[in-house]
Structure formats: C-alpha cells, structure tokens
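Note that the coordinates shown come from a computational prediction; the quantities given were computed from them, not determined experimentally. Atoms considered below: every heavy atom in the structure, side chains included; atoms not considered: hydrogens, waters and symmetry mates. Here is how names work: the chains are called A, B, and so on, in the same order as the sequence lines, proteins then strands, and each is numbered from 1.
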Amino acid sequence: EDKVVQSPLSLVVHEGDTVTLNCSYEVTNFRSLLWYKQEKKAPTFLFMLTSSGIEKKSGRLSSILDKKELFSILNITATQTGDSAVYLCAVEASGTYKYIFGTGTRLKVLA
Amino acid sequence: DTEVTQTPKHLVMGMTNKKSLKCEQHMGHRAMYWYKQKAKKPPELMFVYSYEKLSINESVPSRFSPECPNSSLLNLHLHALQPEDSALYLCASSQEGPTGEQYFGPGTRLTVT
C-alpha cells in the first residue's frame, strides 16, 4: 500500500532557529513529491521535486529529494513567527494524478 | 496566475438539502481534484478529473456527485449528507507532465446539520 510519513509530527522552535522537516514515502511508480504550507486555510504550494539531489530554494526555504532512500527534507532557516503552520508533503503515485498526503508536521515558531 | 477559486466559502445545509460546490481555474490545467479535509488531518482525495473525464473515484459515497462541465469548471453536487460529512472541501488543479504542480483553491467549509 502506498504511504507517506512525515516527521516530526510537531515542533516548537524559537525565532531564528533552523528546522528540518522530513518526508519519507513508499509508493508505486513515483512521479513527484510536493511540499505545501497550510495555515488556517487551503494548502499553499511550496515546491515540487522530481529529481534526486537537486535542491529547490525559495528565500529561507529549501528542499531536496533522495529517490534512492525515498525521502525528502524541507529546511527553513532563520525561522519567523509567520512560518508557524502545518507543512504537508504529498507524493504523486502511479503517474495517474493521485496525490497521497502525509499527516503533516505542525510547526510553531515562538517570538 | 495560479488561482483556483471556489464558491461558496461557507455552506450550512440540512441532511435533506441538495447543494453544489463550485470550482474554477483558468490556468489551462487539465486535471482537477476534489479533496475532503477534516480538522487536523491531511487532505483526503475524493475525485480526479483528467481531460474532463473522471479518472479516480476513491470509493466516495454516492451522496457526493462530481461533475466537470468543461476544462475550467468542476462541481461537487451534494445530496442527503450526514453530519460526519462536515469538513473543508478543497478543489485543486494541476498540469500534466513533469511540471505538474498542484494548486489548491481556498476551500468551502461545509457544515451539515
């Protein structure tokens, strides 16, 4: 059965800290892995990863995929209170538009 | 423009009502999705339309009926819902191929009384 597991489930840090969120997966015919940020509304797209070892970067956020070990990490440097959210990882399996979501990591950044 | 719009934002309905949720995108995406999200849970896939044809139905009860009138619009018709169907209903769309980023609409928060 296809599955996506995120860790940790929740994390509390102070402003300025660096955090690393993990997403591991077991899916049939992996196609892509997506990271989202969800505050009180709909998930906001962050990154899509399809190739191993190529870092995607946007400001203080970066992400990388390891297709051999079947995981991805999302790094946030110099965290701010506005980074507080649930971070979701989703994997597209079987090349048929089916995205499987992990349970998310709830990040809280304290001032 | 990476916008997916959904209406209404909030909906309260009784168990005997019939209502519809609407979703629209103008990004030329050929795949559109309905997800259901309960509090503190990840989105759960319900339906996928690819090129206006239903390609995935994740064993959703028949009281939920999707419709894709054209490549920009996606509806979800609701009838005889149960209180446990109360949730945030999210629409999303994506391109096909290696640039298939998936974008979500703001959601409709549904309460069934």
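In this model, no donor atom of one side chain and acceptor atom of the other lie less than 3.5 Å apart for A:E92 and B:Q102.
Under the 4.5 Å side-chain heavy-atom criterion for Ile, Leu, Val, Met, Phe, Trp and Tyr, B:M46 and A:L34 are members of distinct hydrophobic clusters. Criterion: ILVMFWY side-chain heavy atoms under 4.5 Å apart, direct or through other members. Under it, A:L61 and A:L11 are part of a common hydrophobic cluster. B:L45 and A:L88 fall within the same hydrophobic cluster, where Ile, Leu, Val, Met, Phe, Trp and Tyr residues are linked whenever their side-chain heavy atoms come under 4.5 Å apart, directly or through other members. Clustering ILVMFWY residues whenever any of their side-chain heavy atoms sit less than 4.5 angstrom apart, transitively, puts A:I73 in a cluster other than the one holding A:L46. Hydrophobic clustering (side-chain heavy atoms under 4.5 Å, transitive across Ile, Leu, Val, Met, Phe, Trp, Tyr) groups B:M32 together with B:L21.
Contact of B:E58 with chain A is made through the side chain alone, with heavy-atom distances under 4.5 Å. Using a 4.5 Å cut-off between heavy atoms, A:Y36 touches chain B through its side chain atoms alone. Interface residue B:P106: only backbone heavy atoms are found under 4.5 Å from chain A.
Atom CD in B:Q95 sits 10.0 Å away from atom CE in A:M48 (nearest 0.5 Å). Atom CG of B:L88 and atom NZ of A:K40 lie 14.0 Å apart (nearest 0.5 Å). For the atom pair CD1 of A:I100 and CD of B:E44, the computed distance is 12.5 Å after rounding to the nearest 0.5 Å.
Sparse packing is recorded around CD of A:E26, with 12 or fewer heavy atoms of other residues, nucleotides or ligands lying under 6.0 Å away. Atom NZ of A:K37 sits in a crowded spot, with more than 12 heavy atoms from other residues, nucleotides or ligands closer than 6.0 Å. Heavy atoms from other residues, nucleotides or ligands lying under 6.0 Å from NZ of B:K18 number 12 at most. Within a 6.0 Å sphere centred on NZ of A:K57, other residues, nucleotides and ligands contribute more than 12 heavy atoms.
Taking the six-membered ring where the residue is Trp, B:Y103 and A:F45 present tilted rings, their angle falling between 30° and 60°.
Across all non-hydrogen atoms, the minimal contact from B:P42 to A:T103 is CG-CA, 3.9 Å. Across every non-hydrogen atom of B:F104 and A:P43, the tightest pair is CB-O, 3.6 Å.
Interface remark: of the candidates B:G105, B:P43, B:S50, B:P43 forms the most heavy-atom pairs closer than 4.5 Å to chain A.
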> Stepwise, does the side-chain contact (heavy atoms from CB on, under 4.5 Å) test hold for B:V48 with A:K98?
Replying inline: CA-CA 8 Å; B:V48 181; A:K98 185 173 177 176; 5.8 Å; no
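Between A:F101 and B:Y35, the distance separating the two ring centers is shorter than 6.0 angstrom.
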